[in-house]
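The structure presented is a predicted model; accordingly, all values stated were derived computationally and were not measured. Naming: A, B, ... by sequence-line order, numbering from 1 per chain.
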Number of protein chains: 2
Amino acid sequence: MTRPVTAPPLSVSDDVIAPALRRLSALSSLEAADLALLHAAMEVSQTHPPRHNFLTLGRPIAAPLLLLQGWAARVRILPDGRRQFMSFYLPGDVIGATHQAMPIASATVIAMTETIVCPAPAAPAGSGLAQAYAVAEALDEAYLLGHVVQLGRLNAQERISDFLLEIYERLSLAGLTVGGSFEMPLTQEMLADALGLTPVHVNRMIQQARRDGELMWKSGRVLLRDPERTARTIGRQSPQVTTQRVGASG
Amino acid sequence: MTRPVTAPPLSVSDDVIAPALRRLSALSSLEAADLALLHAAMEVSQTHPPRHNFLTLGRPIAAPLLLLQGWAARVRILPDGRRQFMSFYLPGDVIGATHQAMPIASATVIAMTETIVCPAPAAPAGSGLAQAYAVAEALDEAYLLGHVVQLGRLNAQERISDFLLEIYERLSLAGLTVGGSFEMPLTQEMLADALGLTPVHVNRMIQQARRDGELMWKSGRVLLRDPERTARTIGRQSPQVTTQRVGASG
DNA sequence: CGTCCTATTGAAGCTTCTCAACGACAGTGG
DNA sequence: CCACTGTCGTTGAGAAGCTTCAATAGGACG
C-alpha cells in the first residue's frame, strides 16, 4: 500500500493527502497558492484513534481541522444512553468550520475510525480555497437538511438507500470509489444510530436489499448495483454543488 | 391592538417591530447605529399571506429578509407528496442568511401564517448587528442539529414536548410569551409534518399530554404547565446562547 | 344553512422495537 | 496450538408504537 514518496519529504504520503485535495478541488478550482497552503498544513498532520473527541459539546471550539483520512461524526448522546449521529465528516471535509460567532461547540465531534487530520489553513479572502471552504460549509448544511427529511419521512429501507447514496456521492468527489464500490467503516450499530433505527432492524433491511439485488455489502465494502435507479425509486434529490464564484474575488 | 404611533411615521407600528428588535438585542447588544439601520429597513416592510414562497429550492437566493411577524418554515416535499418541515423561522429570525457561497437555495422557505418581513439590513463588520446575525445563524444550526436528534431518537410524546419547549424558548427571546403561554399557529397536521408523524398520532399524543396535566392547548394558544420539569423528563438540552463578542469588532 | 377545514375517535394492520440466542471472526494469553 | 473473550452480524418470536382507513364532531365563513 505504501508507495515511495517522491520529491520533498512529507509527513504524510501522497496517497493520504490526495483524496482531500481532490475533494476541495471539486468544490472550487484551487490556485497554486492554495495548494501551497494546503501542502504546508499537511506537514503537521496528526493521527487519531477511533473515539477520539475533536470537539466536545459546550466546550470552546478549537482551530478548524481538515480531515485527510478516515471518518468522523457529529454525535449527541441523550442522558439515558440513546445516541444519534447527526452528520459525518469524510476525507476533504472541514471539522469545526469557522463559526466565530459561536465560540462553543454546538455538537460533539468524534472519530469513527482511525483518522488523519491537519490544521485547515486559513484561506485568503477571495481565494479558491476560501470559496471551497464556503461551498463545503453550504453543502454541509444541505446534507443536514437532507438528514432531517430522511429521518422524518423515509422508512427504514429508504433511509439506508438514501444514506448509502449520499456517502457514495460524497466519496466520489474525493475519488474514493472504485467501480461503484466504496469502503463503509461503520458497523450496523453505528448506522442504526445515524438513521434513527435499531441495529437489528438495520440488519434485516440490509439483507432485504441484498436479496432484492440492490447492493452488495461484505467486509466493510459496499457496492450499489444501480445507484441511479435506487435514487429515482426513493425520490432522492442530491444537493447541487455549485462552483460558481461569488463575492469579492481577487 | 393598534396603538397610536409616536414620532416618525413608520410603515409598521411599534408593536410589529418590537419582537424582532427584542430578539436581536437578546443575541447581541445593538448599538444606536444598528437600531437606525433596522428602523430604516422596516420602513419597507411587506405583508405576505400563508403559503407564500420566500425561497424555492434550486432557485437563486434573494436578498436576506428579517421576519417581523408570523411564522415561516423550511420545507421539503417528496415526489409522492410526503412533506417535511425542517426548521421554523420566528419573529426576529433572518430568512435566507448570507450564504454567498451557495447562490441557489438549499431549501424552500414558505410562510406558515400571514407574515410581515423587511429586508435584513447589511451589518457593518464588527457591529453588534453583525454579531447578532452571526449568533442567529449559529443558533439556527444548533436547532437544526436538535431537530435531527428529535426525529432520530425521541418518541412521539417526547418530540411534541421537545418541539413546544423549543418554540417556547425561542418566543421568549422575542418577548412573545405571556405567563408561560404562547401562540401556536400550526395545525396538528403541520406539526405532524415537522415531527415526522401522522396528524392522527399527533392528536392522540397531545391529548395524552393534556390528560397528564403537562399542557393546555386551545384555540391556537399553548400553555406549558411546568416547562423545566418537562425539559428534565425528556432530557432536553437547549443550545447555549452566547453573546460573547468575538472577532474584529470596532 | 351548507361548506370547508381542523380536531377527534375507533378499529385493524404494518413497521419497527425488544429480548434473546447463536454463529463468525479476530485478538489474547496460556 | 487452542480455549477464552469480545465484537459484530444474524435470526426468531412476541410486543409496542405508529399508521391507515374511516367516520363523526366542532367552528369559521360565506
Side-chain angles (χ1 to χ4, degrees), chain A residues 49-51 71 78 80-85 111-114 150-164 183-212 215-223 234, chain B residues 49-51 71 78 80-85 111-114 150-164 183-212 215-223 234:
Chain A
R51 302 170 146 270
W71 289 32
L78 301 189
D80 64 356
R82 282 177 286 184
R83 181 172 68 166
Q84 178 68 43
F85 292 112
M112 303 300 293
T113 69
E114 181 169 289
Q150 190 188 76
L151 293 173
R153 284 293 175 234
L154 300 190
N155 62 32
Q157 191 79 74
E158 293 168 324
R159 286 183 210 185
I160 291 174
S161 297
D162 191 69
F163 179 82
L164 293 177
E183 258 183 56
M184 241 302 297
L186 304 186
T187 64
Q188 293 181 358
E189 185 177 8
M190 294 169 181
L191 198 51
D193 284 338
L195 303 182
L197 301 168
T198 57
V200 171
H201 199 56
V202 164
N203 181 278
R204 289 193 226 270
M205 293 300 103
I206 287 174
Q207 293 183 60
Q208 186 181 316
R210 280 198 190 111
R211 283 194 299 272
D212 296 349
L215 56 79
M216 283 179 60
W217 187 328
K218 188 144 173 78
S219 57
R221 185 158 272 272
V222 171
L223 170 69
I234 66 174
Chain B
R51 302 169 147 271
W71 287 33
L78 301 188
D80 63 357
R82 283 178 285 184
R83 181 172 68 166
Q84 178 69 42
F85 291 111
M112 303 300 293
T113 67
E114 181 170 288
Q150 190 188 75
L151 292 173
R153 283 296 175 233
L154 300 191
N155 62 32
Q157 190 79 76
E158 294 168 323
R159 286 183 210 184
I160 291 173
S161 296
D162 191 70
F163 178 82
L164 294 177
E183 259 183 56
M184 240 304 296
L186 303 186
T187 65
Q188 294 182 359
E189 184 177 8
M190 294 170 182
L191 198 51
D193 284 338
L195 303 183
L197 301 168
T198 56
V200 171
H201 200 56
V202 165
N203 180 278
R204 290 192 226 273
M205 294 300 103
I206 286 174
Q207 293 183 60
Q208 186 181 315
R210 281 197 190 112
R211 284 194 297 273
D212 296 349
L215 56 78
M216 282 178 60
W217 186 329
K218 188 145 173 78
S219 55
R221 184 158 272 272
V222 170
L223 170 69
I234 66 173

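- By the 4.0 Å N-to-carboxylate-O rule, Asp193(A) lies too far from Arg82(A) to be salt-bridged with it.
- At least one side-chain nitrogen or oxygen of Gln188(B) sits closer than 4.0 Å to the OP1 or OP2 atom of dT8(C).
- Minimum atom distance to the side chain of Arg204(A) is reached by dC17(C), of the listed dG9(D), dC17(C), dT20(D).
- Considering only residues two or more places apart in sequence or on other chains, Gln188(A) meets the side-chain hydrogen bond (donor to acceptor under 3.5 Å, both in side chains) condition with Asn203(A).
- Evaluation of the side-chain hydrogen bond (donor to acceptor under 3.5 Å, both in side chains) rule for Arg210(B) yields no partner, not counting sequence neighbours.
- Remark: C1' of dT15(C) and CG of Leu154(A) are 14 Å apart, rounded to the nearest angstrom.
- Contact check of residues 155-163 of chain B against DNA chain D (heavy atom, cut-off under 4.0 Å) returns Asn155(B), Ala156(B).
- With distances taken from any side-chain atom of Val200(A) to the nucleotides dA20(C), dT20(D), dC8(D), the minimum falls on dA20(C).
- By the side chain to side chain contact (heavy atoms under 4.5 Å, CB included) test, Pro50(A) is found to be paired with Glu114(A), residues two or more places apart in sequence or in another chain being considered.
- With dT8(C), dC18(D), dC8(D) as the candidates, the nucleotide lying closest to the side chain of Asn203(B) is dT8(C).
- Rounded to an integer number of Å, the gap from Leu195(A) CG to dC17(C) C1' is 15 Å.
- Residues passing the side-chain hydrogen bond (donor to acceptor under 3.5 Å, both in side chains) test with Gln208(A) are Gln157(A), sequence neighbours excluded.
- Contact check, Arg210(B) against dT8(C): a side-chain N or O comes under 4.0 Å of OP1 or OP2.
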Does Phe163(A) form a side chain to side chain contact (heavy atoms under 4.5 Å, CB included) with Leu154(A)? I'd like the steps, not just the answer. CA-CA 11 Å; Phe163(A) 179 82; Leu154(A) 300 190; over 6 Å; no

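- Here Arg204(A) pairs with nothing under the side-chain hydrogen bond (donor to acceptor under 3.5 Å, both in side chains) rule; sequence neighbours left out.
- The distance from atom NZ of Lys218(A) to atom P of dA24(C) is 12 Å, rounded to the nearest whole Å.
- In this structure, Leu197(B) reaches the sugar-phosphate backbone alone: every heavy-atom distance under 4.0 Å involves primed, P, OP1 or OP2 atoms, never a base.
- In this structure, Trp217(A) places its CH2 atom 14 Å from C1' of dT10(D), rounding to the nearest Å.
- The His201(A) side chain lies nearest to dC17(C) when the options are dT19(D), dC19(C), dC17(C).
- The interatomic distance linking Arg153(A) (CZ) with dT15(C) (P) rounds to 16 Å, in whole Å.
- One can place CD of Glu189(B) at 13 Å from P of dT19(D), the figure rounded to the nearest angstrom.
- The CZ atom of Arg82(B) sits 13 Å away from the P atom of dT15(C) (whole-angstrom rounding).
- Residue contacts shown for Gly196(A) are limited to sugar-phosphate atoms, with no base heavy atom under 4.0 Å away.
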